Amino acid sequence: MKKSYDVIVIGAGHAGIEASLASSRMGMATLLVTMDLDKIGYMSCNPAIGGIGKGQLVKEIDALGGEMAKATDYSAIQFRVLNRSKGPAVWSSRAQVDRELYIKYMWDIVKRTHGLETLEGLVSDIIVKNRKARGVRLSDNTVIKSRAVIITTGTFLNGVIHIGLSHFPGGRLGDPPSIGLSERLKCLGFRVTRLKTGTTPRLDSKTINFSKLRKQPGDKPPVPFSFSTKTIKRRQLPCYLTYTNKKTHDIIRDNLDRSPLYTGKIQSIGVRYCPSIEDKIVRFRDRDRHQVFLEPEGLDTSQYYPNGVSTSLPIDVQLKMIRSIEGLEESEITTPGYGIEYDFIDPTQLRATLETKLIENLYNSGQINGTTGYEEAAAQGFMAGANAALKLKGKDPLVLDRSEAYIGVLIDDLVTKGTNEPYRMFTSRVEYRLILREDNADLRLTETGYNLGIVDSKQYGKVMLKKKRIRMGMENLIGTRLYPDRGTNMKLARRKIPPISNVTNLRDLLRRPQVNFDKLKGLVGQRRPLTDSEARQVEIEVKYRGFIDRQLREIENFKRIERIKMPQGFSFDKIPGLSREIIEKLSAARPSNLGQASRISGVTPVAISILMIYLKKWKTENSLKN
């Protein structure tokens with residue numbers, strides 16, 4: 001270990017891994033500090049990557065040059081594309097992974113990444129001089145200097161674990177919390193509050209009666225997460241479905257007086273979209289059952305994760321509850337479920353680069369910013385690592401806006417609106433989701449990753465060739481005409497396509513609802529047929545052209561207001577016509593542009609109009625002075 005580094009990353013969860021890899025791959029001497037090197041990339045909750053809105057984040061991380069998608073492909077034991085019955089705007093990939101294989105992959109990558117070192121230790125303090133982060137102090141008083149610090153502490157800041165009415169300090173079950181760092185951040189002026197999350201009891205598969213459960217296999221063939229993965233060769237496993245019932249619900253209701261959620265032991269806010277089973281029973285009294293999705297945790301373990309029964313009830317109640325569910329009547333719990341409360345920092349105190357506004361060269365990413373989920377953490381980690389490196393190099397920051405990426409929506413929501421509950425990404429949060437699909441993330445973002453120096457020239461070349469082939473495929477469709485003769489209509493009939501009565505090109509034929517790209521094969525010869533991925537891009541572009549064009553117009557309007565920048569140190573209290581409340585909100589948030597200002601809660605359209613007029617006037621006056 002050296003005495004100084006360019007970047008120090010605190011925490012080796014999903015955010016910390018991506019932050020340290022991005023920083024070191026961009027040429028920064030980076031130190032990754034964690035309490036336990038054996039748990040790099042550990043999955044504290046369910047053994048899965050992706051999901052609705054989350055799959056898009058993972059694909060974008062991959063396109064930029066991050067590692068989560070590749071680690072998933074290496075370790076996954078089931079792949080599924082969700083929302084297949086709906087349009088491509090909301091298709092989202094999800095994979096069950098082998099926990100140990102995932103850790104092994106990430107640990108191997110971290111070890112062999114040039115310029116990245118690791119250290120097992122506990123960070124108790126951030127060294128700050130002249131409001132700039134200058135390094136860290138460990139619990140043994142060792143001081144390590146750096147030019148930037150990235151905090152990715154997950155649920156470890158002042159973490160408290162709850163099982164029934166018992167509670168004890170912990171960052172997760174079996175690991176100690178981080179205490180001193182949270183207090184230090186408060187002293188530096190950060191607004192620190194509490195959130196709550198939880199996890200389920202783990203079950204021994206040898207005690208599960210799978211014959212009573214509904215089997216849920218994955219997709220065949222599995223669709224990889226990473227754009228660089230060709231095929232998945234690892235053995236795949238099914239998941240299983242069962243449900244709670246009236247007996248389950250009665251057991252929970254009868255023991256709410258032993259629940260930390262309903263006796264006031266836990267007072268912080270939990271995850272709205274992934275509530276505990278206690279919350280479900282209380283809030284949805286009319287429901288007679290809730291889904292329980294049994295997920296294997298790996299190929300060489302007998303442990304299963306019963307997704308849907310997150311709980312902080314006492315262990316004896318957990319066992320009764322689990323054994324009341326069909327197929328789990330004789331199940332044994334290997335690890336109890338628990339709730340955990342932890343500190344997080346108000347993310348409106350961050351810039352869009354994830355650098356804090358209070359302390360220069362200090363970055364936060366992951367659950368410390370109020371998010372929940374591995375994918376949200378990894379996306380923030382990548383952006384924090386890349387931006388720390390860019391700033392130290394004296395280069396422009398990397399800021400993805402809401403029209404460019406799900407990552408842009410995630411970060412903009414956090415830094416503009418903040419959150420008072422664990423934030424989870426959904427497709428519904430994204431205004432331009434037809435443009436920002438998971439299948440075209442490589443086409444959208446690989447060039448950005450290449451310009452950062454993270455994506456190699458080989459992968460970049462592949463994506464550029466793919467773009468070219470898609471363009472040529474589209475031109476081929478437009479340029480190929482079909483004539484309404486008997487031979488043509490016989491070919492169409494064999495493909496169950498209605499006959500044509502006028503000259504038609506293949507693009508117009510593809511627009512028909514009953515026609516897909518596969519049906520067009522054989523109607524025209526192609527020297528180099530498109531790959532499935534390329535054909536899918538062409539088909540989506542053709543079938544959704546009207547909607548895509550409309551979203552592109554909306555994006556142009558969006559960018560017009562985003563281009564109106566707020567000058568450094570701009571004073572809002574000098575603007576006539578703004579209410580005191582709006583002045584206070586704008587002054588606290590310090591938006592970087594007018595678009596960001598418009599998304600701050602309580603800032604009205606009238607206030608935005610006033611701001612726009614005043615900014616134009618300010619710009620004119622200052623240009624005349626210069």
Side-chain angles (χ1 to χ4, degrees), residues 1-2 4-44 47 49 57-58 61-62 64-76 97-123 136 138 144 146 148-154 156 171-172 175 178 225-226 228-229 298 354 363 365-368 374-389 392 449 452-456 459:
M1 187 188 70
K2 296 180 289 190
S4 67
Y5 295 82
D6 294 316
V7 177
I8 294 176
V9 179
I10 305 170
H14 305 281
I17 288 171
E18 296 292 355
S20 59
L21 289 174
S23 168
S24 56
R25 286 168 173 172
M26 291 175 68
M28 297 293 106
T30 304
L31 178 66
L32 178 61
V33 186
T34 179
M35 293 185 194
D36 189 345
L37 287 171
D38 290 333
K39 291 186 177 178
I40 286 180
Y42 185 79
M43 295 181 171
S44 303
I49 296 292
L57 289 174
V58 181
I61 295 166
D62 182 63
L64 288 165
E67 211 62 37
M68 177 172 266
K70 295 182 183 70
T72 301
D73 290 343
Y74 173 83
S75 59
V97 303
D98 183 306
R99 286 179 187 276
E100 295 305 317
L101 287 174
Y102 190 93
I103 291 172
K104 178 183 182 300
Y105 178 94
M106 284 303 195
W107 183 216
D108 288 346
I109 286 292
V110 166
K111 279 195 297 185
R112 69 171 187 257
T113 297
H114 178 73
L116 175 56
E117 296 181 26
T118 57
L119 174 67
E120 196 166 82
L122 174 62
V123 174
V136 302
L138 305 182
I144 310 171
S146 67
V149 175
I150 303 173
I151 306 177
T152 71
T153 45
F156 280 71
R172 61 179 163 232
D175 293 309
S178 173
F225 258 97
S226 176
S228 62
T229 302
L354 298 181
Y363 297 77
S365 63
Q367 284 177 284
I368 191 174
Y374 312 139
E375 305 82 2
E376 291 87 344
Q380 293 171 72
F382 181 91
M383 297 298 285
N387 275 309
L392 295 182
L452 289 172
I454 300 177
V455 173
D456 62 33
Q459 183 63 22

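Worth saying up front: this structure is predicted, and the values here are computed from it rather than measured.
The line from CD1 of Ile144 to CG of Leu119 is 5.0 Å long, rounded to the nearest 0.5 Å. A distance of 9.0 Å separates CD1 of Ile103 from CD1 of Ile17, quoted to the nearest 0.5 Å. Note that the OG atom of Ser20 and the CG atom of Leu116 stand 4.5 Å from one another [nearest 0.5 Å]. Separating the CG atom in Leu21 from the CD1 atom in Ile61 is a distance of 11.5 Å, to the nearest 0.5 Å. Here CG of Asp62 is found 4.5 Å from NZ of Lys70. Values are rounded to the nearest 0.5 Å. Rounded to the nearest 0.5 angstrom, Lys39 NZ and Arg172 CZ are separated by 5.5 Å.
Ionic pairing of Lys104 and Asp108 is present here: one or more N-O contacts between side-chain nitrogen and carboxylate oxygen are shorter than 4.0 angstrom. Ion pairing between a basic and an acidic side chain is recognised when a charged N comes within 4.0 Å of a carboxylate O; Arg25 and Glu67 show such pairing.
Not counting sequence neighbours, the partners of Thr229 by the side-chain contact (heavy atoms from CB on, under 4.5 Å) test are Asp73, Pro224, Ser226, Ile232. When the salt bridge (charged side-chain N to carboxylate O under 4.0 Å, His left out) test is applied to Asp36, no partner is found at least two apart in sequence or on another chain. Every side-chain hydrogen bond (donor to acceptor under 3.5 Å, both in side chains) that Thr30 has, sequence neighbours left out, goes to Ser23. By the side-chain hydrogen bond (donor to acceptor under 3.5 Å, both in side chains) test, Gln380 pairs with Asn369, Thr371, sequence neighbours left out. In terms of the side-chain hydrogen bond (donor to acceptor under 3.5 Å, both in side chains) criterion, residue partners of Arg99 (sequence neighbours excluded) are, by chain and number, Glu297.
Screening Val149, Ile151, Ile150 against Tyr363 for a side chain to side chain contact (heavy atoms under 4.5 Å, CB included) leaves a single residue, Ile150.
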Determine, stepwise, if the pair Val136 / Ile10 fulfils side-chain contact (heavy atoms from CB on, under 4.5 Å). CA-CA 9 Å; Val136 302; Ile10 305 170; 4.0 Å; yes
Applying side-chain contact (heavy atoms from CB on, under 4.5 Å), run through Val97 and Met43 and close with a yes or a no. CA-CA 10 Å; Val97 303; Met43 295 181 171; 3.2 Å; yes
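Between Ala389 and Met28, the closest heavy-atom pair is CB-CG, 3.6 Å. Taking both residues in full, the closest heavy atoms of Gly11 and Leu32 are given as O-CD1, 3.3 Å, listed atom of the first, atom of the second, then distance. Closest of all the heavy-atom pairs between Ile454 and Gly65 is CG2-O, 3.4 Å. Nearest heavy-atom pair, Ile49 versus Phe225, reported as atom, atom and distance to 0.1 Å: O-CZ, 3.7 Å. Residues Ser365 and Thr152 come closest through the heavy atom pair OG-CG2, 3.1 Å. Minimum heavy-atom separation, Gly171 to Phe156: CA-CD2, 3.5 Å.
Using modelled atom types, no side-chain atom of Glu18 and backbone atom of Gly66 make a donor-acceptor pair closer than 3.5 Å.
Pairs passing the side-chain hydrogen bond (donor to acceptor under 3.5 Å, both in side chains) check and including a residue from residues 6-15, sequence neighbours excluded, read Asp6-Arg147.
For the pair Trp107 and Thr118, the minimum side-chain heavy-atom distance is below 4.5 Å. Considering only heavy atoms from C-beta on, Phe382 stays 4.5 Å or farther from Met68 through its side chain. Using a 4.5 Å cut-off on side-chain heavy atoms (C-beta onward), Leu31 and Val9 make no contact.
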